[in-house]
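Report on the following structure.
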Amino acid sequence: MEKARLIARGAEAHIYLIEDWHGFRAVAKVRVSKPYRVRELDTIIRARRTKLEAYFLYKVKRYGVPTPTVLHVDLHNATIIMEYVEGILLREHLLRTPDEDAVEQLGSLAALLHTHSIVHGDLTTSNAIFSDEQVVLFDFGLAKSAVTVEDFGVDVLLFKRSLLSVHFKYFNELFEAFIRGYQRVAGKNRTNTVLKKVSEIERRGRYVSRELR
Amino acid sequence: MICLGIESSANDFSVGIVDSNGHVLSLVTSSYIPPKGGIHPREAARHHAQSAPTILRRALEEASISIKEVDVIAFTQGPGLGPALRTGATVARTLAAYFNKPLVGVNHCVAHVEIGCLLLNMKNPLTVYVSGGNSLITRFEEGFFRVYGETLDIALGNLLDSFAQRAGLPFPGGPAVERLAKRSQRYIELPYTVKGMDLSFSGLLTHALRLLKQGVPIEDVCYSLQETAFAMVCEVAERALAHTRSDELMLTGGVAANQRLQEMLAAVAKEHGARFGVVDRRFAVDNGAMIAWTGLLAYQSGAVTPIRDSLVKPRWRIDQVPIPWRKHA
Ligand SMILES: Nc1ncnc2c1ncn2[C@@H]1O[C@H](COP(=O)(O)OP(=O)(O)OP(=O)(O)O)[C@@H](O)[C@H]1O
Ligand SMILES: Nc1ncnc2c1ncn2[C@@H]1O[C@H](COP(=O)(O)OP(=O)(O)O)[C@@H](O)[C@H]1O
Ligand SMILES: [Mg+2]
């Protein structure tokens, strides 16, 4: 490995830029150990997410979802080496301009995943890069195969929440754009079913289980 | 200025009296202990109605004031169990109408955060609020408390209580599980479910009970249950901390009493250079003082709740409440 420079610290991973990885400009995503949790659980979580992320980064590309190309996986060190994506984090991009087009693209990508029975699991504007007018999706550590409307609903709800917490000023426009993009791929019926589920999950009281106990 | 606050959202009926210097003049609570572990909303309501006169009188006595000296009546308007909330609201309305005092409806979750800020001297912490009925991670930003993560099914305290109940442990389950967990260091994998920033505990409950059935020692199950559930909470808290760059982290709610959870979140805070604070047990559980204090903040910023708007809101989310007193944060 060539010189690696720390370029980002996510909550669970450190991202290093490797200028020349066998001729590629690459990043190493290293899932770091968390001192607060028991070692056994820590090891399980880091290895599992590394594996899932590599698997889905590769798999969803075939469905037309732009992702960084995986170059190398090291489960033992919970590390993935992948293509470096030029561009700007979608979050920053949207904070500059509430670009409905970009969010519409993201909506279509979400629908593409869902129609192939996959949920991203952490769909936020911090997990996409706006690169050359195109949205590239990454951070698939929480992705999974899914078939229930509940799972799709949760995925959409997560995105809705992330809009509400970061881009609340333009929430309405941006969420509508997301739905437009989603609907273009998933169709009207499916989209409505998922949206209905989203509001149902939102309505669920935190007291329901206690009352029924 | 003096505010009397009434809390009745779940199994406690509690009255607190607070002045505008942030001094708690009194806090008196009566708890309804459910006979078989589960809370029956109507039974809780009955308990609250029966204890109201005594608790009110004792709160006033302890504060050495008469009801005439109270300036504002505050009550929990939601979220919570409908029948239980209605009892407290009725008491509050009656007092306000009879003694001609302004009435202020308070959001229970907001109150947990505000009393914590008062006691820990924090300005705008990221708050981890984990109790029997709620599990959420929140922080004030531009007019509202934003929810950065919450449970998609049962609350953390509910997880511990339900597990304990079915394992034959005494109610409340939290302390019992903690005691047993301290005797083990054997971690058995349990479902760890974080969805984005949200949590799901129901699968964890099912699996933990299954382990128990399979004959795994209860100490090991309790230990693994705690380690898994708390690690989930910590992960979401950590992400929210990284995301908001908050320099304060606050832990409150009934489950905040758990030493292991405290230790874990303290480590998270340390890693992110945030000051960590745990709300004192008396004020971390449901209590009337937090309602009084928040009612006072609201009243001083011009909010009152006319009787016609004082219907309870059992599902009132923290992110729907306007917070006029925090304009500048
Ligand atoms: N040491 C402990 N460890 C873990 N959990 C605990 C501990 N002590 C108490 N608890 C849990 O705290 C919860 C009680 O919280 P609290 O008194 O705040 O009441 P609540 O009515 O559930 O609250 P809310 O209305 O705010 O949701 C119970 O679930 C109990 O098991
Ligand atoms: N392939 C990549 N190319 C360029 N930047 C990346 C790439 N992968 C991650 N990053 C940067 O690193 C940050 C954190 O990466 P991410 O995979 O989301 O980690 P985490 O799981 O910790 O959130 C991203 O927000 C992005 O800025
Ligand atoms: Mg990320």
Side-chain angles (χ1 to χ4, degrees), chain A residues 8-13 32-45 48-49 91 119-127 139 141-144 146 150-151 153-166 168-169 171 201-213, chain B residues 10 37-41 79-81 132-136 141-142 144 146-155 158 161-162 165 185 187-190 192 194-198 200 202 223-224 227-228 230-231 234-235 238-244 263-268 271 314-315 317 319:
Chain A
R9 279 184 67 160
E12 57 166 338
V32 291
S33 186
K34 296 291 173 188
Y36 58 77
R37 60 192 176 205
V38 274
R39 185 182 298 279
E40 294 93 325
L41 178 60
D42 189 64
T43 310
I44 293 169
I45 292 175
R48 180 188 302 144
R49 291 191 181 164
R91 177 181 200 254
V119 289
H120 180 277
D122 193 12
L123 210 53
T124 70
T125 55
S126 295
N127 287 330
D139 202 356
L142 295 177
K144 62 171 191 181
E150 168 91 19
D151 283 323
V154 169
D155 224 21
V156 172
L157 180 56
L158 290 176
F159 181 70
K160 185 174 172 185
R161 290 252 183 77
S162 91
L163 279 187
L164 276 170
S165 71
V166 191
F168 41 85
K169 286 199 183 104
F171 169 76
I201 302 170
E202 282 180 310
R203 270 199 318 273
R204 255 177 233 167
R206 301 289 166 290
Y207 283 80
V208 173
S209 42
R210 180 145 82 174
E211 272 166 72
L212 296 178
R213 205 163 65 180
Chain B
I39 296 175
H40 303 281
L81 306 171
N134 290 278
S135 299
L136 53 89
E141 203 168 317
E142 301 217 16
F144 291 88
R146 313 277 162 181
V147 174
Y148 290 99
E150 66 186 316
T151 178
L152 293 165
D153 40 55
I154 57 175
N158 191 204
D161 294 342
S162 303
Q165 188 199 341
Q185 290 219 41
Y187 182 74
I188 302 157
E189 191 182 355
L190 285 168
Y192 180 101
V194 171
K195 302 183 178 186
M197 301 279 271
D198 289 336
S200 161
S202 59
Y223 175 72
S224 307
E227 288 300 323
T228 310
F230 295 169
C234 285
E235 175 175 2
E238 183 171 26
R239 291 222 240 156
L241 211 50
H243 181 88
T244 59
E263 173 188 305
M264 288 168 81
L265 279 170
V268 171
E271 204 170 307
R315 304 215 162 163
R317 287 180 57 87
D319 50 10

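Naming: A, B, ... by sequence-line order, numbering from 1 per chain. Small disclaimer: the values here were computed from a predicted structure and weren't measured.
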Would you call V154(A) and D198(B) a side-chain contact if the rule is heavy atoms closer than 4.5 Å?
no
Whatever's closer than 4.5 Å to a heavy atom in chain A on E271(B) counts as side chain
Can you tell if the side chain of Y223(B) reaches within under 4.5 Å of the side chain of V38(A), non-hydrogen atoms only?
yes
Distance col, row L41(A):CG vs F230(B):CZ, nearest 0.5 angstrom, shows 13.0 Å
Could you tell me the separation between the CD atom of E189(B) and the OG1 atom of T43(A), rounded to the nearest 0.5 Å?
11.0 Å
Among the listed options E235(B), M197(B), E141(B), E263(B), the residue most often paired with chain A at heavy-atom distances under 4.5 Å:
E235(B)
Who among E12(A), R91(A), R49(A) has the most heavy-atom pairs with chain B under 4.5 Å?
R49(A)
With a 4.5 angstrom heavy-atom cut-off, could you sort out which part of L158(A) is near chain B: side chain, backbone, both or neither?
side chain
Interchain contact, Y148(B) with chain A, by part (heavy-atom threshold 4.5 Å)
side chain
Per-residue contact mode, F159(A) against chain B (heavy atom under 4.5 angstrom):
neither
Most contact-rich option vs chain A, by heavy-atom pairs under 4.5 angstrom, among A266(B), C234(B), A240(B), S202(B), is C234(B)
Without hydrogens or angle criteria, can the side chains of Y36(A) and E238(B) be said to hold a donor-acceptor pair below 3.5 Å?
yes
Side chains of H243(B) and V166(A): closer than 4.5 Å at any heavy-atom pair?
yes
What are the two closest non-hydrogen atoms of R161(A) and V147(B), and how far apart are they?
CD-O, 4.3 Å
Look at R317(B) together with E202(A) and state whether they make a salt bridge at an N to O cut-off of under 4.0 Å.
no
Rounded to the nearest 0.5 Å, how far does CG of L164(A) lie from CZ of F144(B)?
11.0 Å
I'd like to know if D122(A) pairs up with R239(B) as an ion pair, taking the criterion as any Lys NZ or Arg NE/NH1/NH2 lying under 4.0 Å from an Asp or Glu carboxylate oxygen.
yes
Pair K195(B), D151(A) - check side-chain contact (heavy atoms from CB on, under 4.5 Å), show working.
CA-CA 10 Å; K195(B) 302 183 178 186; D151(A) 283 323; 4.0 Å; yes
Looking at every non-hydrogen atom in both residues, tell me the closest pair between I201(A) and L152(B) and how far apart they are.
CG2-CD2, 4.2 Å
Nearest 0.5 Å, please: how far is CD in E40(A) from CD1 in I188(B)?
10.5 Å
Check whether I45(A) gets within reach of chain B through its side chain, its backbone, both or neither, counting any heavy atom under 4.5 Å.
side chain
